[in-house]
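In what follows, a structure is listed as structure tokens, so that the remarks can point back to it.
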Amino acid sequence: MKNKFATVIDTAIPLPVQDIDTDQIIPARFLKAISRDGFGKNLFRDWRYLKDNSLNPDFVLNKPDYKGSILVTGKNFGCGSSREHAAWAIADYGFKVVISSFFADIFKNNALNNGILPIEVSDEILSLLFKKINDDHQLSIKVDLEKQVLSFSDRSVNFTINAYKKMCLQNGYDNIDYLLSKQAHIQKFEKENNQ
Amino acid sequence: MAKTLFDKIWDKHIVFQEIDSPAVLYIDTHLIHEVTSPQAFDGLRKRGIKVRRPDKTVATTDHNVPTVDQHLPIKEILSRKQVQTLVKNCEDFGIELYGLGHPFQGIVHVIGPELGITQPGKTIVCGDSHTSTHGAFGAIAFGIGTSEVEQVLATQSILQQKPKTMRITINGALKKGVSSKDIILYIISKIGTGGGAGYFVEYAGTTIQQLSMEARMTICNMSIEMGARGGLIAPDEITYSYLKDKQFAPKGDEWDLKLAYWKTLFSDDKASFDKEYEFAAADILPMITYGTNPAMGIHISEQIPTEIPVHSSEESYFKSLKYMGFEKGETMLDKPIDYVFIGSCTNARIEDLRLAAQIIKGQQKHSSTEVWVVPGSQQVMKQVKAEGLDKIFEAANIPIRQAGCSACLGMNEDKVPAGKYCISTSNRNFEGRQGPGSRTLLASPLTAAAAAITGKITDPRQFL
Ligand code: SF4
């Protein structure tokens, strides 16, 4: 069981870069942990810190006027590795929602498996969102998972999510719970297929 | 009804499917390594459950291992701990481990095929995106996250949304000096890093049919770099003869039975794909990347594009060039190279090392270039020695390192320093991939070997 996903109303952090890959989200040298915790401090590590390990003042996460649990990013977010550490880092940092115009497949799955909601919007809505956040850093964004509606300023857009995944997020269910409930089918399959 | 190769395998592995839900798909082989498995085993312990089918699970250590002095304890504490954790988990849960010191140890995507574990018609997963490599045998193979590793350990099944199908057909004879690495870099440069997203790709056509298994693996390996879930190629005589007599390949009557099934694994004539692309082998020349994603590739003698490539944005393009220290319109040829890495699950098989040796033979490594040749597995190493390739490299002043992922990712001791240029036969040129600040240029083993001699970006055809 994970935390249940409820409606999120919050400000957002904009990261208007396309093709942000998993090595940027969490570089490989930080993948040596054997637990799931603590990855948030190395989220976007090489962008967030300068060579001498001091905070990079130009990086958005370090700018005091940007805050929030919603990350808005450029197209093709999360491409690259299958490392779930990327999703763990994002969740551990405190993000609940990631908005982009496109997500890499495995990342999307990993995010959902960790209670993060990835929302895909059109390129047009994404640019509008970046513009609005740029104009007003405190822009409030509402994510209503139940109704599948994303709203900000005077705009409301629908987003899609697989019905099963939605149910899992809302109830904090795990895929393993579901699969374990299907053990009899698995056993039957193994028998019939000589596995 | 006409079916694609993908559909044939997929349908045969559905355990259960509810409307509007992902399918419960049975997994024939689960490969694991030290990086993406510890949290999954922890999950099992918390739930108090066992691994359902340890007999269908195989483990190795590859990402964290040093590539020199492997008989000594791993120096880096965290790496050592992660490797030890895998050893303990395999002991506790009864899983076969080909760890350091084992004659089968190596990069997970190199050992599966060479041991005959990877077979046509199977479903294969691993907590690693390059699991797509195994598709070269006509298997459905894809990378998964750690939560999914836990699902498979617990139930030998996985929940999967069925992907769409794409076919990429390449016809004709390859030009001299063009290898399968160039084919896949070329395809990705045309389709873009997101072009395959949501799809499983079948590679077909006369060019593919003529490729060896090693060459096919290189192509399937990089399917993920265009965003595809995986890639696969219909098995044929080349596949069967590669597998015959391999350690875990079926034997005797079992072989005949399996072979009869494998021969049914092809896309039916009338099968339709959600998307199709076609390329001509004659259009492909040796490739190199200039940017920070694998789609930013050009023919080695071309200039860096002056216009923003179609699949990129202005911001990403200039950010990328700035990181690489390149200007638009520049020629790639003759740029100095600090490091050469010949290795990784893309190009560390025996055939790749033969290609490199072909160019290195009788030459000397360039004095200011560091060259790392890292076989993908202990078995590849054994073969390298049997063929005397090690002598060729050593005569050129290039010692061969021990098996592992090595400089493919900046996780073990083999890292490229900040600002340095590395021609690499691996699959990713992301910022910092080979170490913080490293600059990676992806290319074939031939192109990498040519740079090892000249110390600069060189068209390998001049050595052939
Ligand atoms: S060689 Fe590189 S890409 Fe392949 S499994 Fe190892 S780290 Fe991953």
Side-chain angles (χ1 to χ4, degrees), chain A residues 16-24 27-36 45-47 51 74-76 79-88 102-107 109-114 162-165 167 174-180 182-186 188-190 193 195, chain B residues 15-16 20-22 24 26 28 35-36 38-39 42-43 47 49 52-53 56 63-64 76 78-79 81-82 85 127-129 131 143-148 150-151 154-159 161 163 193-194 197-198 227 229 293 312-313 315-316 319 409-411 418 428 430-433 436-437:
Chain A
V17 181
Q18 201 175 312
D19 298 322
I20 296 181
D21 57 71
T22 46
D23 279 81
Q24 304 325 313
R29 59 189 191 282
F30 299 112
L31 306 187
K32 300 184 189 202
I34 51 173
S35 79
R36 284 177 195 245
R45 175 78 203 198
D46 293 340
W47 289 344
K51 285 207 179 74
K75 195 175 189 155
N76 198 22
C79 58
S81 154
S82 63
R83 61 182 72 148
E84 198 161 316
H85 312 69
W88 297 338
F102 192 81
F103 291 97
D105 268 353
I106 309 186
F107 175 80
N109 247 328
N110 286 340
L112 286 161
N113 282 340
N114 285 282
N162 173 280
Y164 168 79
K165 295 285 185 195
M167 185 275 291
D174 235 318
N175 282 341
I176 300 196
D177 299 330
Y178 178 84
L179 283 171
L180 286 171
K182 298 284 175 273
Q183 296 223 62
H185 291 275
I186 296 170
K188 185 160 162 267
F189 179 93
E190 285 178 331
N193 291 278
Q195 291 275 7
Chain B
V15 172
F16 183 81
D20 271 350
S21 286
V24 176
Y26 195 76
D28 295 319
V35 182
T36 53
Q39 296 86 353
D42 259 7
R47 286 173 203 262
I49 47 183
R52 183 180 178 88
R53 296 297 297 264
K56 291 179 182 289
H63 286 65
N64 273 297
E76 228 265 340
L78 291 174
S79 294
K81 193 155 173 220
Q82 211 174 43
T85 305
D128 191 283
S129 57
T131 309
I144 57 179
T146 299
S147 296
E148 295 171 312
E150 189 179 336
Q151 291 171 38
T155 67
Q156 201 59 34
S157 310
I158 193 167
L159 272 175
Q161 207 69 45
T193 52
R229 206 70 181 85
N293 74 51
S312 196
S313 68
E315 196 182 355
S316 304
K319 183 170 175 291
L409 89 172
M411 185 159 191
R428 287 189 177 142
F430 297 156
E431 285 184 27
R433 171 76 180 181

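- Using a 4.5 Å heavy-atom threshold, the side chains of A:I34 and B:L78 count as separate.
- Residues A:Q18 and B:N293 have side chains not in contact (no heavy-atom distance under 4.5 Å, counting atoms from C-beta outward).
- One distance of note links CZ of B:F430 with CD1 of A:I20; it measures 12.0 Å at 0.5 Å rounding.
- Using modelled atom types and a 3.5 Å distance limit, the side chains of B:K56 and A:Q195 yield a donor-acceptor pair.
- Atoms CG and CD, from A:L180 and B:Q151 in turn, are 9.5 Å apart once rounded to the nearest 0.5 Å.
- With values rounded to the nearest 0.5 angstrom, A:L31 atom CG is found 9.5 Å from B:T36 atom OG1.
- Separating the CZ atom in B:R229 from the CG atom in A:N109 is a distance of 6.0 Å, to the nearest 0.5 Å.
- Chain B forms the most heavy-atom pairs under 4.5 Å with one residue out of A:A87, A:A104, A:A163, A:S81, and that residue is A:S81.
- Annotation: side chain of A:N175 is not in contact with side chain of B:S147 (no heavy-atom distance under 4.5 Å).
- Looking only at side-chain heavy atoms (C-beta outward), B:V15 and A:E190 stay at 4.5 Å or farther from each other.
- Ranked by heavy-atom pairs under 4.5 Å with chain A, the list B:P436, B:G437, B:A154 is led by B:P436.
- Contacts between B:T146 and chain A at a heavy-atom distance below 4.5 Å involve backbone atoms as well as side-chain atoms.
- Judged as a ring-ring contact (aromatic ring centres under 6.0 Å, His included), and not counting sequence neighbours, the contacts of A:Y178 are A:Y164.
- For chain B, the option among A:W88, A:F102, A:F107, A:F30 with the highest count of heavy-atom pairs below 4.5 Å is A:W88.
- Proximity to chain A is limited to the backbone of B:I158, based on heavy atoms less than 4.5 angstrom apart.
- When A:N162, A:L179, A:T22, A:V17 are compared by the number of non-hydrogen pairs under 4.5 Å with chain B, A:L179 comes out ahead.
- Side chains of B:M411 and A:R29 form no contact here, defined as non-hydrogen atoms less than 4.5 Å apart.
- Most heavy-atom pairs under 4.5 Å with chain B: of the set A:A28, A:A86, A:P27, this distinction falls to A:A28.
- Counting heavy-atom pairs under 4.5 Å between each of A:E84, A:K182, A:Q24 and chain B puts A:E84 at the top.
- Under 4.0 Å is where a charged nitrogen must lie from a carboxylate oxygen, and between B:E148 and A:R83 no such pair does.
- Taking the charged nitrogens against the carboxylate oxygens, B:K319 and A:D19 have no contact shorter than 4.0 Å, which rules out a salt bridge.
- When only modelled atom types and interatomic distance are considered, A:W47 and B:E431 share a side-chain donor-acceptor pair under 3.5 Å.
- B:E150 has its side chain within reach of A:I176: a pair of non-hydrogen atoms, C-beta onward, lies under 4.5 Å apart.
- A:N76 and B:T193 are linked by a side-chain donor-acceptor pair at a separation below 3.5 angstrom, with hydrogens and angles left out of the test.
- Only the side chain of B:R428 comes within contact range of chain A, judged by heavy atoms closer than 4.5 Å.
- With a 4.5 Å cut-off on non-hydrogen atoms, B:T131 does not touch chain A at all.
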A:K32/B:V35 under side-chain contact (heavy atoms from CB on, under 4.5 Å): CA gap, chis, key distance, verdict: CA-CA 7 Å; A:K32 300 184 189 202; B:V35 182; over 6 Å; no

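- Taking every heavy atom of both residues into account, B:P38 and A:A33 meet most closely at CG-O, 4.3 Å.
- For the pair A:D105 and B:Q161, the minimum side-chain heavy-atom distance is 4.5 Å or more.
- Atom NZ of B:K81 has 12 or fewer neighbouring heavy atoms from other residues, nucleotides or ligands inside a 6.0 Å radius.
- In terms of heavy-atom pairs under 4.5 angstrom with chain B, the leader among A:N193, A:I106, A:I186 is A:I186.
- With chain A as the partner, the residue from B:G43, B:G227, B:S313, B:P163 showing the most heavy-atom pairs under 4.5 Å is B:S313.
- For B:S316, the part lying near chain A is the side chain, with the backbone staying farther off; criterion is any non-hydrogen pair under 4.5 Å.
- For a residue to count as touching a neighbouring chain, one of its non-hydrogen atoms must lie under 4.5 Å from one of that chain's; by this rule B:E315 touches chain A with the side chain only.
- Side-chain N/O atoms of A:Q183 and B:T155 include no donor and acceptor closer than 3.5 Å.
- Considering every non-hydrogen atom in both A:S82 and B:G143, the closest pair reads CB-C, 4.4 Å.
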